[in-house]
Q: 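Have a look at this one before I ask anything.
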Amino acid sequence: MTKPTEKDTSHWDDYWSHGFLTSCADAFDGNYQGRLRQVWEEFFRSAKGNATILDIGTGNGAIALIASRISSELHRGFSVHAIDQAEIDPPAMVKSNTDGLAAIRFHSRTPAEDCGLPASSVDMVSGQYALEYTPLDRTIAELARVCAPGARLLFVMHHSDSVVLETAAEELRLGKLLENSGFFDHTADLLEQMSKVPADQAHLLVNDPEAEESRNRLNRSATELKSLVAQTPNPQILQNALKSVSDCFRWQRKPGSEALALLALYRRQLDANLARLHDLQNAAVSERRGQEIIALFNAQGFLTEPLEDIYQERELLAGRLLRASLSVVA
Ligand SMILES: C[S@@+](CC[C@H](N)C(=O)[O-])C[C@H]1O[C@@H](n2cnc3c(N)ncnc32)[C@H](O)[C@@H]1O
């Protein structure tokens with residue numbers, strides 16, 4: 001069921017290829033925990049035997065895995081389909097949960113708005129940090145097509161007022177400052193000049209005015225970034241950049257090393273990280289957008305419950321819960 005997609009998904013393809021199970025890298029022990037996990041366990045426990053379950057925007061299958069575990073624990077015989085627009089292959093990439101993942105049918109490069117499943121074939125739909133990333137009107141029309149009468153749907157969406165969104169906004173701001181500082185460009189200039197002389201004669205570059213100018217520019221931008229580190233509550237993106245550049249210079253001293261290629265790799269990783277943060281910022285659901293999503297479901301014949309916010313230890317999670325069910329047409 002692999003489909004071509006015109007969208008550039010490389011920033012997600014790359015992320016999932018590292019084998020993280022959740023979209024918060026290794027912030028969770030094994031899989032989502034606490035209130036979020038409870039929400040999903042309750043939902044999947046309420047599914048009938050042999051239910052067909054569709055998990056959209058699955059990534060490496062964290063939520064589909066909860067369905068698959070409940071199916072095997074309670075002998076429910078669910079068929080779990082898990083789709084993502086990005087290129088995914090969780091059984092090959094994720095080193096843990098191998099049995100649970102093997103029981104799921106993953107569909108890579110499969111957008112929620114055109115999932116390819118037969119009409120009226122799905123009993124339960126799940127999506128965590130997923131629905132809000134998709135073209136809502138087309139996705140909801142597609143869900144109306146594939147859902148069987150009485151199907152139930154549950155989505156956890158990013159809340160626009162959550163700590164996660166605050167952090168994302170700050171990291172995007174710092175990402176822009178990092179780019180404007182020219183830090184990586186100055187690093188590339190100096191590495192290039194250093195690559196023209198043997199490693200044991202790099203000290204001679206002090207007599208090369210062009211190399212000296214690159215070095216001064218690099219030092220100025222590094223000083224600028226270090227002072228930003230001290231002023232932000234979320235310095236990680238800057239700290240990573242400073243560390244990456246120092247890795248490149250350490251690497252450059254090794255004969256035959258490709259320090260410029262290493263720098264290019266770090267830059268690609270940073271760009272992919274920023275592109276995912278942009279997606280997150282565009283996806284986040286405010287009160288108004290939440291009501292618009294509900295209206296779209298209602299227009300397609302779904303019954304909906306009011307939005308609910310998810311708290312854990314009094315902190316607002318990146319969660320906004322939406323429950324819907326496809327009403328039975330007489
Ligand atoms: C934040 S991740 C969530 C992954 C997973 N559900 C979780 O909770 O860890 C968002 C995922 O949505 C996927 N996505 C974005 N647009 C999509 C679309 N139109 N159809 C299907 N998946 C999409 C992205 O590729 C990405 O893997």
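Counting convention: from 1, in listed order, for ligands and their atoms alike. As the structure is a computational prediction, the values presented were derived from the model and not from experiment.
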Q: List the residues meeting salt bridge (charged side-chain N to carboxylate O under 4.0 Å, His left out) with Arg152, not counting sequence neighbours, and say none if there are none.
A: none
Q: Checking a contact table here: which protein heavy atom is nearest atom 8 (O) of ligand 1, and how many Å away?
A: Gln128 NE2, 3.1 Å
Q: Just need the protein heavy atom nearest to atom 15 (C) of ligand 1, so name the residue and atom and give the distance.
A: Tyr133 CB, 3.7 Å
Q: May I ask you to decide if the ring planes of Tyr133 and His158 are parallel, tilted or perpendicular, using 30° and 60° as cut-offs?
A: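 Rings of Tyr133 and His158: perpendicular, as their planes differ by over 60°.
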Q: Below 4.0 Å from ligand 1: does a non-hydrogen atom of Trp16 turn up there or not?
A: yes
Q: Please tell me if the side chains of Leu190 and Phe249 come closer than 4.5 Å, counting only heavy atoms from C-beta onward.
A: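 Yes; the side chains approach each other to less than 4.5 Å.
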Q: Phe43 vs Trp40 aromatic rings, parallel, tilted or perpendicular, using cut-offs 30° and 60°?
A: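 Correct class here is perpendicular.
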Q: Name every donor-acceptor pair, under 3.5 Å, that has one atom in a side chain of residues 62-75 and the other anywhere in the protein, sequence neighbours excluded.
A:
residue : atom : partner : partner atom : Å
Ser68   : OG   : Gly100  : O            : 3.0
Arg69   : NH2  : Asn97   : OD1          : 3.1
Ser71   : OG   : Gly77   : N            : 3.3
Ser71   : OG   : Phe78   : N            : 2.9
Ser72   : OG   : Arg69   : O            : 3.3

Q: Quick one: look up the protein heavy atom nearest atom 7 (C) of ligand 1 and list residue, atom name and how far away it is.
A: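 Answer for atom 7 (C) of ligand 1: Tyr32 OH, 3.3 Å.
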Q: Between Trp16 and Trp12, what is the ring plane arrangement, given parallel below 30°, perpendicular above 60°, and tilted in between?
A: parallel
Q: Within the 4.0 Å heavy-atom shell around Ala86, which atoms of ligand 1 are there?
A: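 Matching atoms, with element in brackets: 25 (O).
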Q: When you look for heavy atoms under 4.0 Å from ligand 1, do you find them on the side chain of Asn60, its backbone, both, or neither?
A: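 Looking at Asn60 and ligand 1, no heavy atom falls under 4.0 Å.
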Q: Write out the residue and atom name of the closest protein heavy atom to atom 20 (N) of ligand 1, then the distance separating them to 0.1 Å.
A: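 I find the closest protein heavy atom is Ala112 N, 2.9 Å.
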Q: Under 4.0 Å from ligand 1, counting heavy atoms only, is it the side chain of Ala130, its backbone, both or neither?
A: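 None of Ala130 does.
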Q: For atom 22 (N) of ligand 1, what's the nearest protein heavy atom and its distance?
A: Gln85 N, 3.2 Å
Q: Just to confirm my output: which protein heavy-atom neighbour is closest to atom 14 (N) of ligand 1, and how far is it?
A: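 Sorting protein heavy atoms by distance from atom 14 (N) of ligand 1 puts Asp84 OD1, 4.2 Å first.
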Q: Decide if atom CG of Asn180 counts as having more than 12 heavy atoms of other residues, nucleotides or ligands within a radius under 6.0 Å.
A: yes
Q: Side chains of Asp247 and Tyr266: do they bring a donor and an acceptor to under 3.5 Å?
A: yes
Q: Does Thr58 have a non-hydrogen atom less than 4.0 Å from ligand 1?
A: yes
Q: Between Asp208 and Arg215 (salt bridge meaning N to carboxylate O under 4.0 Å), is one present in this structure?
A: no
Q: Run the numbers for me: atoms of ligand 1, each under 4.0 Å from some heavy atom of Thr134, listed by number.
A: 17 (C), 18 (C), 19 (N), 20 (N)
Q: Tell me: protein heavy atom nearest atom 10 (C) of ligand 1, and distance?
A: Tyr129 O, 3.2 Å
Q: List ligand 1 atoms under 4.0 Å from Glu113, heavy atoms only on the residue side.
A: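 Result: 18 (C), 19 (N), 20 (N).
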Q: I'd like to check whether Ala62 has a polar contact with ligand 1, where a contact means an N/O of the residue lying under 3.5 Å from an N/O of the ligand.
A: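 So ligand 1 has no N or O lying under 3.5 Å from an N or O of Ala62.
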Q: So, Thr58 and Asp55: side-chain donor and acceptor under 3.5 Å apart, yes or no?
A: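 Present: a donor and an acceptor within the cut-off.
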Q: Quick one: look up the protein heavy atom nearest atom 4 (C) of ligand 1 and list residue, atom name and how far away it is.
A: Gly57 O, 3.3 Å
